[in-house]
Protein chains: 2
Amino acid sequence: MARPGTEELRRRNRAALLGQLHRHGPQTRAELTEALGLNRSTIAALASDLAESGHLQETTGRSTGSAGRPSTLVECVPKALAVAAVEIRADRVRFALVGLGGEVLERSEAALASGAEPVSAAAAAAELAGSAGAEAVAAVPGLVDAGIVAHSTELGWAGRDVAADLAAATGREWRVVDTATAAAVGEWSRGDAHEATTLLYLHGGRGLTAGLVVEGRAQRGGSIQLGHIVVEPNGRECACGLRGCLEAEMEAFGYAEDIEEATLAAGMGDAAARDALHRSGEDLGRALGAVVTATGPDEILFGGWLRELYLSAAAPVRSALAGATLPHLRSRLRLRTPVLGDEGALTGAAETGFAALIDRMR
Amino acid sequence: MARPGTEELRRRNRAALLGQLHRHGPQTRAELTEALGLNRSTIAALASDLAESGHLQETTGRSTGSAGRPSTLVECVPKALAVAAVEIRADRVRFALVGLGGEVLERSEAALASGAEPVSAAAAAAELAGSAGAEAVAAVPGLVDAGIVAHSTELGWAGRDVAADLAAATGREWRVVDTATAAAVGEWSRGDAHEATTLLYLHGGRGLTAGLVVEGRAQRGGSIQLGHIVVEPNGRECACGLRGCLEAEMEAFGYAEDIEEATLAAGMGDAAARDALHRSGEDLGRALGAVVTATGPDEILFGGWLRELYLSAAAPVRSALAGATLPHLRSRLRLRTPVLGDEGALTGAAETGFAALIDRMR
DNA sequence: CGAGATTTGTTGTTGACTGCAACATATGAT
DNA sequence: ATCATATGTTGCAGTCAACAACAAATCTCG
């Protein structure tokens with residue numbers, strides 16, 4: 001693997017430099033020297049390498065305010081390297097072309113007929129993304145394993161090789177990640193969950209999934225089918241064939257995706273709506289308890305429509321969770337809502353692409 | 001971090017060579033050249049470096065049977081680098097000094113008064129381990145976080161800084177890992193679970209814990225308190241304060257650690273014992289369902305007394321598990337018993353030490 | 001039994017990379 | 001205006017892995 005000897009060292013350092021700038025934004029050469037622990041002359045050599053290849057831009061002469069020669073500012077050139085990110089949902093496909101450094105260069109979306117086949121979703125994605133970007137990543141809600149969507153409540157797909165569908169439609173390779181994991185990556189890298197060592201992102205669409213990011217890395221096989229945690233042994237029959245799944249139990253409360261109406265009604269004093277939210281919160285908390293015990297996160301984000309549920313039923317969620325986790329796991333846990341809103345998954349998909357891209361440079 | 005420049009490259013390669021030999025046993029220089037992708041001359045230089053420092057031994061002239069000059073065999077010198085591994089249980093402390101390459105150089109154990117304080121366990125460990133080994137690792141059953149035992153059903157400890165206790169008793173630094181994670185590492189590295197990408201090890205002692213190894217690496221915060229997964233909402237009160245924990249529910253079946261008697265009785269036709277085992281298996285399977293959904297393993301090992309439970313109640317375990325996991329997760333799952341028996345945790349603790357040791361050489 | 005084929009170890013050379021130190025440069029402070 | 005300070009630049013030295021040519025040790029085939 002490490003064939004060209006010392007040349008690999010150079011590549012590693014170059015990739016580290018690019019990654020640093022991509023993640024932390026424009027920095028001076030002096031700051032880069034500090035951050036990467038390399039010598040000034042090395043940084044200069046690497047930066048001028050990357051400036052020559054067009055990836056970086058050096059803006060000279062920024063007055064720092066303090067004494068000494070001002071340091072040259074180094075920043076990414078967004079157009080030099082871009083990633084095509086696509087998010088597939090039940091009703092539409094969204095696309096963003098994200099440049100190096102995180103800037104969104106293009107954005108578009110297309111409606112999807114309800115119950116659309118994987119092939120037509122792939123065609124829509126191909127239409128939007130074309131051949132833009134050096135890497136292409138698609139976020140799909142469900143259980144994703146090596147490019148294959150094993151199970152998706154939201155899309156109604158099972159055992160479908162979406163990576164192959166997309167490749168066939170576009171003539172290029174695609175990475176496929178699940179929406180919740182992508183959103184977790186997005187919130188960690190571009191949201192404000194950067195301090196979390198273990199971040200659990202809950203995504204509420206038509207199905208309930210969860211993504212896990214540990215120390216900044218998406219966990220392999222990390223698409224957790226939160227909706228198919230069994231919360232009621234011998235409970236209601238679920239479409240997946242099991243009994244008492246969280247999804248099946250919550251569905252019985254009837255508000256489905258009209259969570260906003262339900263919260264409004266509850267706010268107006270509708271006792272039935274309030275009860276439904278309360279009991280949903282309890283079920284969610286109970287399912288969460290098992291996931292927390294198994295994964296030990298220190299931050300949980302409630303995304304998609306779970307955001308609304310959490311905001312209006314935080315107390316039952318918390319108390320049910322408290323009844324199902326040990327004190328030590330509970331005490332270090334922060335519950336919050338995401339800051340990227342609907343953009344989390346697209347952002348995270350793009351970051352997944354950049355991680356691969358930068359890793360491949362080494 | 002990467003201060004000495006190209007010298008780091010050398011260290012990395014040296015560490016890779018040592019790690020390769022430690023993990024895969026004696027190999028010829030030609031095989032090493034192939035495995036590490038380095039040049040023959042580089043391998044020769046690195047190997048003679050490490051032979052000079054006493055870590056490796058080169059046995060020249062082994063006839064290969066095929067044509068060509070016979071390659072020199074390179075192997076680890078066990079005594080050159082050793083790790084002190086200790087396993088703390090409720091009733092005793094076990095010690096092994098493991099040499100580079102995995103050979104056990106010394107072994108001893110001491111009884112522990114029941115309900116022993118952490119300090120006396122640390123003293124016993126110190127007595128056994130002394131100052132042997134370049135690294136010291138202790139395996140403790142329970143929820144371990146950064147050297148602190150947050151919760152241990154088996155030992156009855158909570159929030160105890162065991163790493164500090166051991167350091168005080170021995171005057172050296174200790175790593176503390178949980179027994180289940182250690183056993184998982186052991187089975188992965190020295191057992192026959194090497195092909196598993198995500199390995200879940202279940203450890204049955206006085207408490208039930210689980211350890212997770214993903215692609216050969218122990219998961220941070222990976223000590224899963226399997227015994228405190230809630231399987232019966234509003235179930236029996238558990239010592240931990242929750243209700244319906246797996247541990248509390250199973251305890252009610254009354255055989256506790258006398259699993260062997262129970263299986264014997266069941267084998268003799270004792271209906272009560274058979275029923276207890278059956279229902280234990282069901283509860284275990286149900287708790288496992290949640291853990292499997294959250295972590296997505298492809299191999300599960302039943303260790304400690306759960307081994308006996310699994311061997312005599314595989315059917316209820318499997319059927320309860322099947323009722324609580326999606327088909328895709330279930331289909332790739334292998335259920336087995338460990339091959340290292342009682343030695344798993346000690347072996348894994350030692351491997352954890354070697355991983356740190358070799359990583360530190362880089 | 002011997003010559004060639006084959007595989008591997010050894011040695012000297014080469015290209016490349018990073019760190020270092022000295023020098024140049026640009027700003028603020030006195 | 002001069003000095004202190006911080007940073008970019010340049011030439012040099014040390015180290016490392018790859019490469020190629022050669023030596024060594026074994027097998028095979030005639």
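So you know, we letter chains A, B, ... as the sequences are listed, proteins then strands, and number each from 1.
- Note on B:R40: a base of the nucleic acid sits closer than 4.0 angstrom, heavy atoms only.
- When the side-chain nitrogen and oxygen atoms of A:S71 are compared with OP1 and OP2 of D:dG8, one or more of them lie within a distance under 4.0 Å.
- Ring geometry, B:H22 versus B:F354: the interplanar angle falls from 30° to 60°, so the pair is classed tilted.
- At whole-Å resolution of the value, CD in B:E7 and P in D:dA13 are 19 Å apart.
- Within the 3.5 Å criterion, the main-chain N or O of A:V144 finds no donor-acceptor partner in the side chain of A:D178.
- The CZ atom of B:R11 sits 12 Å away from the P atom of C:dG19 (whole-angstrom rounding).
- Under the salt bridge (Lys or Arg N to Asp or Glu O under 4.0 Å) criterion, A:R40 pairs with no residue at all, not counting sequence neighbours.
- Side-chain proximity of A:R69 to the nucleotides C:dA24, C:dT10, C:dT18 is greatest for C:dA24.
- Of the side-chain N and O atoms in B:T6, none sit less than 4.0 angstrom from OP1 or OP2 of C:dT18.
- At distances below 3.5 Å, at least one donor-acceptor pair connects side-chain atoms of B:E187 with backbone N or O atoms of B:V339.
- Taking side-chain N and O atoms only, B:N13 has no distance below 4.0 Å to OP1 or OP2 of D:dC16.
- For B:T42 and D:dA18, the shortest distance from a side-chain N or O to OP1 or OP2 is below 4.0 Å.
- Rounding to whole angstrom units, CD of residue B:E31 and C1' of C:dG9 are separated by 15 Å.
- In this entry the distance linking CD1 of B:I43 with P of C:dT7 reads 19 Å, nearest Å.
- Remark: P of C:dG19 and CG of B:L9 are 12 Å apart, rounded to the nearest angstrom.
- A:R10 has a side-chain polar atom (N or O) that falls below the 4.0 Å cut-off from OP1 or OP2 of C:dT18.
- When the C1' atom of C:dA16 is taken as reference, atom CG of A:L46 falls 13 Å away, rounded to whole Å.
- Rounded to an integer number of Å, the gap from A:N39 CG to C:dT18 C1' is 7 Å.
- Using a 4.0 Å heavy-atom cutoff across all strands shown, B:S41 reaches at least one base atom of the nucleic acid.
- Whole-Å rounding puts the B:Q27 CD to C:dG9 P distance at 13 Å.
- Ion pairing between a basic and an acidic side chain is recognised when a charged N comes within 4.0 Å of a carboxylate O; A:E58 and A:R29 show such pairing.
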